[in-house]
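What follows is a set of notes on a single structure, which appears directly below.
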There are 2 protein chains.
Amino acid sequence: MTTAKTRHHHGDLKRALIKAGIDLLEEGGLEALSLRKCAARAGVSHAAPAHHFAGLPGLISAIAEEGFAIFSKYMTDAIDAGKQTDRERLRSTCRGYLQFGLSHSGLLKVMFGEHGLGIHAPRNKREEADAYLILRSVCAPFVPEGEDSQIVEAQVWSLIHGFTLLYLGGEFGCTDTPLEDSPFEAVMALIDRIGTPAKA
Amino acid sequence: MTTAKTRHHHGDLKRALIKAGIDLLEEGGLEALSLRKCAARAGVSHAAPAHHFAGLPGLISAIAEEGFAIFSKYMTDAIDAGKQTDRERLRSTCRGYLQFGLSHSGLLKVMFGEHGLGIHAPRNKREEADAYLILRSVCAPFVPEGEDSQIVEAQVWSLIHGFTLLYLGGEFGCTDTPLEDSPFEAVMALIDRIGTPAKA
DNA sequence: AAGATTAACTTTACAGTGTCAAAATCATCG
DNA sequence: CGATGATTTTGACACTGTAAAGTTAATCTT
């Protein structure tokens with residue numbers, strides 16, 4: 001095997017580098033993330049990462065992948081927390097979305113490509129698609145017969161994504177106000193109206 | 001006077017630096033922006049900017065201010081384009097919001113603090129507040145009697161902000177599809193329901 | 001088992017970056 | 001004219017990412 005356990009030198013660099021990168025990210029934000037610091041944390045030379053990732057963008061891409069996995073976990077955990085109706089599942093998913101952003105803002109920024117240009121090297125296929133599938137599944141009950149499911153998904157995603165980023169940026173006032181306070185409930189109220197007939 | 005026109009050396013650095021920074025941003029994205037390159041474009045030494053801004057964060061902050069001014073212009077221009085009903089004004093504002101993002105994605109990222117940590121040095125007071133006032137004014141007609149205006153504002157802002165960023169990130173497919181195509185109309189449809197009574 | 005080959009990692013070097021301290025320049029005022 | 005203070009330059013430092021060449025360890029081949 002070529003990528004198993006006891007490799008000659010380090011054993012499992014690549015994973016160690018990704019973990020170091022995530023730690024750096026959570027400790028000091030985007031600015032604190034650097035190839036050389038990751039290498040140092042993993043106990044290897046500063047040029048070692050080049051053999052596992054295509055430079056810094058490659059490492060960031062790998063970190064983003066891991067981020068999407070954690071992100072998915074936040075959403076599924078929120079869903080599985082005893083909620084039952086379709087509407088409650090949708091709300092819980094959004095709550096998980098926000099909660100992930102609050103707990104891992106650095107990851108969120110990296111995942112959605114705010115670290116430089118728009119798109120990072122290769123698009124993260126698997127993990128990102130998995131996360132989208134969760135969103136899709138909770139949106140499905142609200143898609144009208146024969147309509148494009150992307151409509152509801154875009155509405156929900158735009159709403160919760162926008163709110164999370166604005167809230168995180170402090171645009172709604174202090175970031176350390178109670179969770180359910182603030183305009184979050186307003187956004188939830190609008191979520192509740194998605195897929196619902198308008199008044200005649 | 002201290003910040004007028006024909007000053008001794010350059011004449012009007014600071015503005016030249018800001019302009020150079022914006023140009024860099026539009027040409028090469030966030031990565032292309034650097035203090036030294038701004039200085040070079042303005043024809044001064046690499047350490048000259050330090051006397052006009054508090055380092056790179058200071059310059060970015062100044063650029064963001066300018067960005068908010070341009071941003072406001074996009075929205076007011078969209079509003080003044082012949083629309084009349086309150087609903088149409090709201091839609092036009094959102095269209096201007098998106099249009100600004102599409103035309104100045106680098107500025108948008110800088111303005112909303114995606115360039116590192118969350119908050120850049122001093123919060124841009126004036127220009128940012130002005131932009132928010134535009135949003136507030138078009139939202140006002142849809143705020144129910146005696147309710148907090150922030151509710152409607154947060155709903156609209158989250159929706160259009162989230163959509164703009166997701167669309168810009170290519171999350172809704174190709175970025176170069178026709179403007180009014182894509183899920184943009186879905187978001188507009190949801191905007192139309194804000195401040196409207198739900199069906200009994 | 002012994003030599004050859006490949007992969008992982010190190011070392012060295014280079015072009016950039018932001019930032020600071022000291023020196024030089026210039027405009028203006030007294 | 002001389003002095004003062006703001007403006008800019010020069011030089012240096014500690015970082016950053018990246019590329020090339022050298023070194024070591026594991027695997028493959030015969």
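Naming convention: chains lettered A, B, ... in sequence-line order (proteins, then strands); numbering from 1 in each chain.
Between the CD atom of Glu31(A) and the P atom of dT17(C) there is a distance of 17 Å, given to the nearest Å. Rounded to a whole Å, the CG atom of Leu59(A) is 10 Å from the P atom of dT18(D). Going from atom CZ of Phe53(A) over to atom P of dG17(D) covers 13 Å, rounded to whole Å. With rounding to whole Å, Leu56(A) atom CG is found 12 Å from dA19(D) atom P. Atom CG in Leu13(A) sits about 17 Å away from atom P in dA7(C), given to the nearest Å. Distance Leu30(A) CG to dT16(D) P: 15 Å, rounded to the nearest Å.
Considering only side-chain atoms of His52(B), the nucleotide from dT8(D), dT19(C), dT10(C) that sits closest is dT8(D). Residue Ser45(B) places its side chain closer to dT9(D) than to any other of dT9(D), dT19(C), dT16(D). Set against dA12(D), dT18(D), dC9(C), the side chain of Arg36(B) has dA12(D) as its closest nucleotide. Checking dC20(C), dC9(C), dT8(D) against every side-chain atom of Ala48(B), the shortest atom distance belongs to dT8(D). Each of dT10(C), dC9(C), dG17(D) was ranked by its minimum atom distance to the side chain of Ser34(A); first place goes to dG17(D). In the set dA19(D), dG18(C), dT10(D), the nucleotide with an atom closest to the side chain of Leu35(B) is dG18(C).
Classified by interplanar angle (parallel below 30°, tilted 30° to 60°, perpendicular above 60°), the ring pair Phe172(B)/Phe163(B) is parallel. Aromatic ring orientation, Phe112(A) versus Phe68(A): perpendicular (interplanar angle above 60°, classes split at 30° and 60°).
A salt bridge does not link Glu88(A) with Arg95(A): none of the charged nitrogens is closer than 4.0 Å to a carboxylate oxygen.
Just one residue in the list Leu17(B), Asp23(B), Ile22(B) forms a side-chain contact (heavy atoms from CB on, under 4.5 Å) with Lys19(B), and that residue is Asp23(B).
Residue Lys37(B) is classed as a sugar-phosphate contact, given heavy-atom separations below 4.0 Å to backbone atoms only.
Counting distance only, with no hydrogens placed and no angle test, the side-chain atoms of His46(B) and the base atoms of dG11(D) include a donor-acceptor pair under 3.5 Å. Between the base of dT8(D) and the side chain of His51(B) there is a donor-acceptor pair shorter than 3.5 Å.
The number of heavy-atom neighbours closer than 6.0 Å to CD of Glu27(A), taken from other residues, nucleotides and ligands shown, is above 12.
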